[in-house]
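Encoded as structure tokens, the structure appears first; notes follow it.
Every chain is numbered from 1 and lettered A, B, ... according to where its sequence line falls, protein lines coming before strand lines.
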Amino acid sequence: MTDLTRRRFVELTGASLLSIAATPLYAPQVLAQAKPKLVCIGGGPGGGTVARYVNKDAAGAIEVTLIEPQKQFTTCFFSNIYVGGYRPFKSITHNYDKVRKEGIRVVHQAAASIDRDKKQVVLAGGRRIPYDRLVVAPGIDIKWDSVPGYSEEAAKTLPHAWKPGPQTQLLVRQLNALKDGDVVVMIAPPNPYRCPPGPYERASMFAHVLKSKGHKKSKIVILDPKPNFSKQALFTEGWEKHYPGMVEWQDPKVHGGIKSVDAKTKEVKTDLASYKAAMVNVIPAQMAGKIARDAGLADASGFCPIDPESMKSKSDGNTFVVGDACIPGDMPKSAFSANSQAKVAAMIIRGELAGARTFPARYSNTCWSLIETDDDVKVGGTYEPGEGKLKAVTTFVSQRGEPAEMRKQNYRESIDWYNGIVADIFG
Amino acid sequence: MLSIGVMGVRSVLTSRLHPARIALLVALGVPVVLALGGTSGARTPDLELGRYLAAECMTCHRVAAASGGIPNIYGMTEVRFSELVKAYRDKRLSNAVMQTIAGRLKDDEIEALAAFFARTKRP
């Protein structure tokens, strides 16, 4: 990044002088030159991006702490590409060494609660971390009881793999153990959920692996509680082209509702039929991570309302919620969205804590989905605050029948995006 | 008195800094501000705006593009950068993501971005 310019130095110094004049109640703290504190809960594309962007752009004026229990973070984004066998698990797993070297304090403990009155995060061990501004980006938690017969225990044999790591590795082991003629059942999630095209990209990756192994009779049945899904026309076209007869998507009018899943027998019952599956991938309904809900930041939907001009929680003017835990309006829950929202939050935080200039918030998203080798489709848009939410301004989506070279180029783009966003989060 | 000549009249009327044009404008009561050094009308680029807008670009554009999908834009000249972004904005270059991103950029924002990336060698 460019060195601190004279203009920015004057800006920061001027802001400090103004804050001394304007806030006599805080004068002793300012005179003691205590740095304002930013604490980020969650080291993924939301929290991790805010931490790095505030730290690098504030050039030492703000003390940044990142709380993330995992020392190694496996990205949910691109985990389907690992499922498809296109890259190894270690390529989607990253550490925080570079983040530490940049001067951010990284705390590898879970945040247990937030004391909003005292402006302190309470860690699982009891230690308290004070903040002036807080970013809550815990991602999602699974609603275990949203699929009859499912539970945290059941996930040990019927993986969701919607929170990545060991679950994703379990899913891959199960996938690679399948025999020709086996039935795979995927239970897709209801809206709103992390990564709208994700389940269908994953089903495509299942089909790719089985096709690569020469399976002729295996079937993948997707039972969906939704009447339609993201990039549906593109996936449908791709499945017919690459995996004819292998992938079957059922909408709720067809299957009539999921009656039960059995973790022991892997039997899945709907109103229409019963499946004796060899592998069941249950992707249940979701909600914001527990820390956000326990802190009173979520509403009845289980996700957190935010002010689209700043990403601030509507419940707390000192707290920002970014990423999958927030209610994102027209934006999807995606890593790209989390990273985009994080940059607006970072700007507002620098404005409030260090007097930096702020600009009208703007956001963007692109989601890439791999259907088969070199056949990648994308959807995305730009967003701005409007009608009280993050409102879509322009959108785009891949078209059916596009040239093969375009779809190949989409895949190359997605790889470069992955490398880019990983550098944005982990340095 | 300045010697202008037939061909010189055109240059007087079109050249912002031609002394005769300045004299004419002053005589007509039009305020004239002389731009000192460089091209006429040059503005100091808004690097802070450029930095904020560049944050969006930096998710995808890195210095080394692993698979050749997304090019490196760090250190690109301002003229080249502006040309390319405007080409996407005008849909003369095809890429749905870039057309959408560029589509909402105004000229001063493109200028700020171009100035930022010209001066920034790495993310």
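For A:Phe336, the part sitting under 4.5 Å from any heavy atom of chain B is the side chain, from C-beta outward, and nothing else. A:Tyr418 does not touch chain B: none of its heavy atoms, backbone or side chain, sits under 4.5 Å away. Contacts between B:Leu53 and chain A at a heavy-atom distance below 4.5 Å involve the side chain alone, from C-beta outward. For A:Pro45, no part sits under 4.5 Å from any heavy atom of chain B, backbone or side chain.
Nearest heavy atom pair, residue B:Gly69 against residue A:Gln409, reads O-NE2, 3.2 Å. Looking at every heavy atom in both residues, B:Val97 comes nearest to A:Glu413 through CG2-OE1, 4.2 Å. Across all their heavy atoms, B:Glu56 and A:Ser364 have their closest contact at OE2-OG, 2.7 Å. Nearest heavy atom pair, residue B:Ala55 against residue A:Lys343, reads O-NZ, 2.6 Å.
Contacts from residues 87-96 of chain B to chain A, taken as heavy-atom pairs separated by less than 4.5 Å, involve B:Asn95, B:Ala96 in sequence order. Against chain B, the residues from residues 369-384 of chain A that qualify, each with a non-hydrogen atom under 4.5 angstrom away, are A:Lys378, A:Gly381, A:Thr382, A:Tyr383, A:Glu384 in number order.
The CE atom of B:Met98 sits 10.5 Å away from atom OG1 of A:Thr366, with the distance rounded to the nearest 0.5 Å. A:Asp57 CG to B:Glu48 CD: the interatomic distance, rounded to the nearest 0.5 Å, is 8.0 Å. The distance from the CH2 atom of A:Trp417 to the CD1 atom of B:Ile70 is 10.0 Å, given to the nearest 0.5 Å. For the atom pair OG1 of B:Thr100 and CG of A:Asn365, the computed distance is 11.0 Å after rounding to the nearest 0.5 Å.
In the displayed structure, A:Arg100 atom CZ is contacted under 6.0 Å by more than 12 heavy atoms of other residues, nucleotides or ligands.
Residues A:Arg362 and B:Ile101 are not in side-chain contact: their nearest non-hydrogen atoms beyond the backbone lie 4.5 Å or more apart. Side-chain contact between B:Tyr52 and A:Arg357 is absent, with no heavy atoms from C-beta onward closer than 4.5 Å.
Residues forming a ring-ring contact (aromatic ring centres under 6.0 Å, His included) with A:Tyr96 (at least two apart in sequence, or on another chain): A:His108, A:Phe426. Applying the side-chain hydrogen bond (donor to acceptor under 3.5 Å, both in side chains) test to A:Arg133 and every residue at least two apart in sequence or in another chain returns A:Asn318, A:Glu352.
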A:Phe359 and B:Glu109: CA distance, side-chain angles, deciding distance, side-chain contact (heavy atoms from CB on, under 4.5 Å) verdict: CA-CA 12 Å; A:Phe359 304 95; B:Glu109 292 172 336; over 6 Å; no
